[in-house]
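Written out below as structure tokens is the structure these notes cover.
Model, not experiment: these values are computed from the prediction. Chain A is the first sequence line, chain B the second, and so forth, proteins listed ahead of strands; every chain is numbered from 1.
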Amino acid sequence: MKTRRAMFRSKGGVHPASRKRATNAMPVEFMPLSKVLFVSMVQHMGAPARPVVKKGDAVMRGQVLGEAGGYVSAPVHAPTSGKVIAISERPTQAGLPAACVEIEPDGEDRWDAARQPGPDWKTMEAKALVERIVAAGIVGMGGAGFPTHVKLSPPAGKTIDTLIINGAECEPYLTADQRLMVEAAQSIWTGVQIVRQILGARRLVMAIEDNKPDAIQAMSAAMEGTDAELVVLKTEYPQGAEKQLIYAVTGREVPSGGLPMAVGALVENVGTCAAIYDAIVEGRPLTERIVTVTGAMVRTPKNLRARIGTPLADLVAFCGGMVGLPGKIICGGPMMGLAQGSLEAAVTKTTSGVVLLPHQAVQQFSSMPCISCGRCVSACPMRLMPNTLGEMIEAEDNEGAEGLNVMDCIECGSCAYECPAHRPLVQHMRQAKAEITKQRLKKATAAKG
Amino acid sequence: MNEPVEKTLPIAAKEPTWLASSSPHAHSGDSVRKIMLTVIIALMPALAAAGIFFGWDALRLTGVCIVSCVAAEAATRKLMRRDKGIGDLSAVVTGLLLAFNLPPALPSWMAVVGSIVAIVIAKQFYGGLGYNPFNPALIGRVLLLISFPVAMTTWGPWQILSPAAGVDAITTATPLGLVKTTLGTGQPLPFVFDGDTILQFFMGAKNGCIGEVSVLALLIGGMYLLWRRCISWQVPVFYIGTVAVFATILWLADPTHNYNPLFHILTGGLVLGAFFMATDMVTTPVTKTGLMFFGIGCGVLTMVIRKWGGYPEGVSFAILIMNAFTPLLNRMTRPRVFGHGQKKKQA
Amino acid sequence: MKDIIKMVVVLTVISVVAGYLLATTNKITKAPIAAARLAEKLDAMKKVLPDYDNDPVANTCVVKEAGKEWTFYVARKQGVFVGAAFEASSDQGYNGTIRILAGILPDNRIKGLEIVEQAETPGLGAKISESAFKDQFQGKAIFSTRWMVKKDGGDIDAITGATISPRAVVSALETGLAVYTNNFDKIAATADR
Amino acid sequence: MRFYKELIKGLWTENPIFRLVLGMCPALAITTSVMNAIGMGLAATFVLICSNIAIAAVHNIVPSKVRIPCYIVIIATFVTVVDLLMNAYLHELHKSLGIFIPLIVVNCIILGRAEAFASKNGVWLSIADGIGMGIGFTLSLIVVSAIREILGNATLLGYAVGHYQVALLMVLPPGGFLTLGCLLALMNHIQAGMARRSGHAYVPPPTLDCRHCAICKWGE
């Protein structure tokens with residue numbers, strides 16, 4: 001194993017205060033079971049899962065509650081044993097209603113009888129491994145929730161030579177990945193090797209930001225004696241974004257609109273690798289994850305191992321409740337997370353944190369005009385011109401915005417973080433991207449019909 | 001661990017009392033008002049120097065300009081029903097910069113005219129802060145210069161520390177004006193540019209607009225701005241650098257008809273312009289490359305005007321002309337978007 | 001084909017009519033224009049020359065010097081030489097060429113100076129056309145005056161805020177005076193026509 | 001009635017300077033004094049009326065392919081006539097208007113009216129149009145030049161109007177742009193107010209960047 005610094009530094013990026021100190025040394029605690037678990041059928045990107053249980057059914061932990069709604073989808077499993085008390089429509093973290101299986105735990109937490117540890121993974125075919133991953137409902141746990149098996153099945157002829165494990169965790173406040181690396185380095189490492197075996201990747205890179213020395217130490221201990229590399233990244237947001245990470249590690253730029261496999265690379269989050277370990281070696285589907293509950297408005301910030309479906313309100317209550325009225329409650333990190341209107345939503349496979357920000361730390365957007373300071377241009381990791389794009393979109397010139405590559409925006413929020421005029425730049429970009437996608441779809445259907 | 005916990009939420013979950021707006025939820029904490037405040041602080045050393053060298057006149061002009069700029073801003077905004085008030089402090093900055101570009105003996109009413117033009121015509125008519133294509137303070141100054149050329153070029157007497165032999169040590173012209181007159185008519189240079197004069201010019205005991213004389217005070221303010229990340233280094237470095245290179249070439253080519261490059265840097269409004277006017281965010285490019293070209297353009301134009309133009313000083317005109325190039329520079333120096341192979345030529 | 005012929009015919013007819021109209025107008029206005037131009041010139045002569053009874057515009061002496069042709073307008077009264085006028089120009093003006101008309105008396109003093117053509121800044125350099133500036137030249141001796149503006153160490157008052165335009169006027173005058181003195185004998189001896 | 005309508009439209013509703021924004025070159029260049037404005041205005045009016053008559057008279061026989069050359073010949077003829085006449089009988093004014101008299105040929109108002117009006121209407125209405133447009137043009141020039149002369153030269157029609165410090169800028173080219181710009185803004189503002197009072201929505205010219213400028217909404 002060799003450890004080195006990242007060789008490439010992409011342009012742009014910002015340096016928000018990391019605020020990880022509140023939780024980065026706190027061991028992960030088990031979150032007790034809630035009275036009711038709300039298991040949403042929308043836990044991932046792609047088609048929602050279809051519920052296969054009905055009201056009154058008794059379920060065991062790990063039993064399938066919803067089956068995958070298509071190829072780009074993933075099944076959802078019962079997080080504990082108990083009774084299905086309702087199948088309802090509840091708002092997700094994004095605020096849109098979705099089917100939800102409500103489970104009243106019986107407190108015994110019995111595993112499904114069908115669960116069994118798999119055979120030695122080293123002897124298994126790639127196809128069989130991927131099948132087990134599909135069955136375990138594993139999705140990207142860094143935040144986007146892209147079903148992992150899709151990524152692991154590159155089309156014929158595409159080779160992936162570099163596998164990058166993302167332990168950057170560049171979002172402020174969050175420490176879920178960091179604690180996982182410190183506490184379960186060996187599981188992650190095994191998961192990584194399984195992924196590598198599936199892909200047959202020549203090069204294996206573990207990427208961690210330099211503000212997590214304990215994670216670097218734990219991972220390098222686990223990787224000792226292998227041919228993998230450990231790349232220490234300079235702390236910068238959004239270093240953990242897929243395209244930026246690939247560039248920082250390999251110097252390759254993922255082409256616009258393309259997937260990482262276009263440059264022969266693949267990025268997996270450390271949490272995903274741990275989940276793959278659980279699925280293949282332990283035979284456990286994905287039913288829990290680590291959630292960092294933090295922010296100035298939480299009494300005792302903690303890293304919690306919480307069941308999928310645990311209401312956010314219970315997490316906050318377990319951490320001692322709020323110390324006052326928060327200015328904002330965010331699922332995920334403060335740069336890209338989703339602001340919550342209430343604490344009704346529940347933990348999903350992609351919930352890496354719950355951050356309760358005080359009023360004074362919350363960004364207040366305004367309608368002030370751009371003063372052309374150029375900070376957003378310097379900050380944009382995609383090297384777009386958010387100032388011009390923002391003005392174009394305000395003038396409803398979506399075509400112009402498309403010409404200036406608004407579709408390449410990764411919505412990392414660096415521009416709006418820097419903007420001294422507090423312009424809602426990311427909101428503008430999202431609006432334009434949605435509008436352009438709609439137009440493109442319309443055009444495509446018109447061409448077909 | 002298997003005991004379900006009680007829901008103990010301190011507030012009713014159904015009624016959100018917090019914001020649910022778009023990401024990012026965090027912010028760097030900087031604001032337009034803070035930037036303007038930083039610029040005002042950075043201008044304070046120059047104001048102090050102006051007070052030392054020009055006394056009451058400097059304070060009178062500064063006061064008049066700030067008050068009339070803020071009043072004009074408030075009145076126009078009210079008349080135009082624009083929501084934001086004068087809280088962003090941009091009018092104060094405009095007033096300060098305009099005052100710094102006026103000769104000390106200018107009548108107060110002319111300063112008021114300049115302020116009104118700067119705020120109403122150069123700024124609010126275009127849509128207010130952020131939309132003005134030209135630097136408002138410079139528009140105010142240039143309008144005054146063209147409208148009242150006599151008042152804008154009348155200076156008090158000052159003494160040269162090292163006059164050349166046979167030349168009067170007391171003069172009522174600016175250093176640049178002196179050099180333009182004498183070099184233009186082939187007469188001997190009015191002063192020896194030695195250590196004493198260099199120090200004199202650097203400290204600011206010379207004729208000029210009230211805010212431009214003390215290079216020392218301006219450099220202190222400029223460094224503060226750079227340290228606070230309010231300006232990028234490209235403009236001052238390339239602006240002053242281009243002037244230095246241009247002046248050196250001329251000087252080496254013909255030392256009898258051109259003056260020392262150091263003289264060009266220490267006189268006139270160059271340092272004030274390079275650190276405070278050509279760095280105005282609204283009217284300059286947003287990309288670093290664009291700012292570099294902006295600085296070079298300003299430097300070339302300044303020297304062309306100083307050498308061949310009708311006016312002895314060209315900083316204001318140079319910056320205003322380059323302001324007009326800002327949209328073009330922004331377009332030309334658009335960065336290559338991540339993941340796009342070649343630089344895309346946009347029509 | 002028919003179209004083309006029609007086009008040609010129409011254009012030709014219109015051009016012919018237009019040409020006829022212009023020729024007529026030109027015929028009518030030719031004399032008045034010439035008269036107006038002459039009056040203009042004579043008017044200027046009257047201002048820079050003493051009383052004369054000949055026709056200085058017709059009574060000229062052409063000298064070639066310094067690569068230029070200089071025309072001197074000689075004024076006489078009852079056959080006696082009473083002065084000469086000349087046009088001189090300088091391209092050192094703030095905004096292009098400045099042309100002046102200067103008149104000199106036999107005792108080598110300036111009789112008067114007029115600005116014939118200038119495009120200086122209105123209200124500033126253009127003040128060279130105002131009598132406050134022009135009149136200071138009256139009576140100045142051409143040999144004992146230092147032909148420079150005061151700022152440059154001469155005897156001529158400049159205009160506040162504008163040095164370039166007066167400087168150009170003075171330099172034009174100085175050049176013309178040099179030609180005048182060099183060729184004085186020839187000019188004074190010019191025969192009446 | 002139609003004649004009267006065509007006559008007065010040039011004064012306000014279709015004022016060439018402030019509504020159609022035509023003839024900007026003379027409006028900026030010669031409006032340094034009211035005398036110049038009157039001279040230029042009347043010269044242009046004369047040419048406009050003559051060319052309108054001539055073009056209205058011949059437009060039926062001129063093939064459309066050569067109509068622009070024909071119009072230019074006609075216009076140029078009248079301009080030259082005016083130039084010669086002014087040179088002969090108004091020598092001083094001719095000198096101060098200088099190059100701008102021959103340039104009436106390319107004044108967009110003249111060709112614009114020829115194309116837009118005279119080539120589609122009879123002689124009688126074209127006279128009305130020419131007079132109306134010409135007077136509208138002249139009056140607009142007088143307004144612009146009066147402001148510039150008073151502020152920039154402290155005179156009106158050459159007579160002193162007071163003793164004060166003049167702003168030289170006003171009689172220099174930038175002053176022309178400033179004055180014209182402010183007057184255009186004022187005109188838009190008035191127009192917007194009139195539209196609102198009569199219950200219509202005011203639609204500013206589409207080519208203008210109206211997102212930020214709010215002058216026409218001044219004081220609403």
Is the shortest heavy-atom distance from the side chain of [X] to the side chain of [Y] under 4.5 Å?
X        : Y        : answer
Leu11(C) : Cys70(D) : yes
Ile74(D) : Ile14(C) : yes
Val66(D) : Lys6(C)  : no
Thr77(D) : Leu22(C) : yes

Practice prompt. Check each atom of Leu85(D) against the heavy atoms of chain C and say whether the ones under 4.5 Å are side chain, backbone, both or neither.
Written response: both

Got more than 12 heavy atoms from elsewhere within 6.0 Å of [atom1], [X]?
X         : atom1 : result
Phe177(D) : CZ    : no
Lys9(D)   : NZ    : yes
Tyr20(C)  : OH    : no
Tyr159(D) : OH    : no

Rounded to the nearest 0.5 Å, what separation is found between the [atom1] atom of [X] and the [atom2] atom of [Y]?
X        : Y        : atom1 : atom2 : answer
Thr25(C) : Asp83(D) : OG1   : CG    : 11.0 Å
Glu40(C) : Glu92(D) : CD    : CD    : 6.5 Å
Lys65(D) : Asp3(C)  : NZ    : CG    : 6.5 Å

Item to complete: Can you see which heavy atom on Ala88(D) is nearest to which on Ala36(C), and at what distance?
Response: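 It is O-CB, 4.4 Å.
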
Response to the item:
Note: vs chain C, highest number of non-hydrogen pairs under 4.5 angstrom among Val73(D), Ile61(D), Asn87(D) is Asn87(D)

Response to the item:
chain D shares the most heavy-atom pairs under 4.5 Å, among Lys30(C), Arg37(C), Met7(C), with Met7(C)

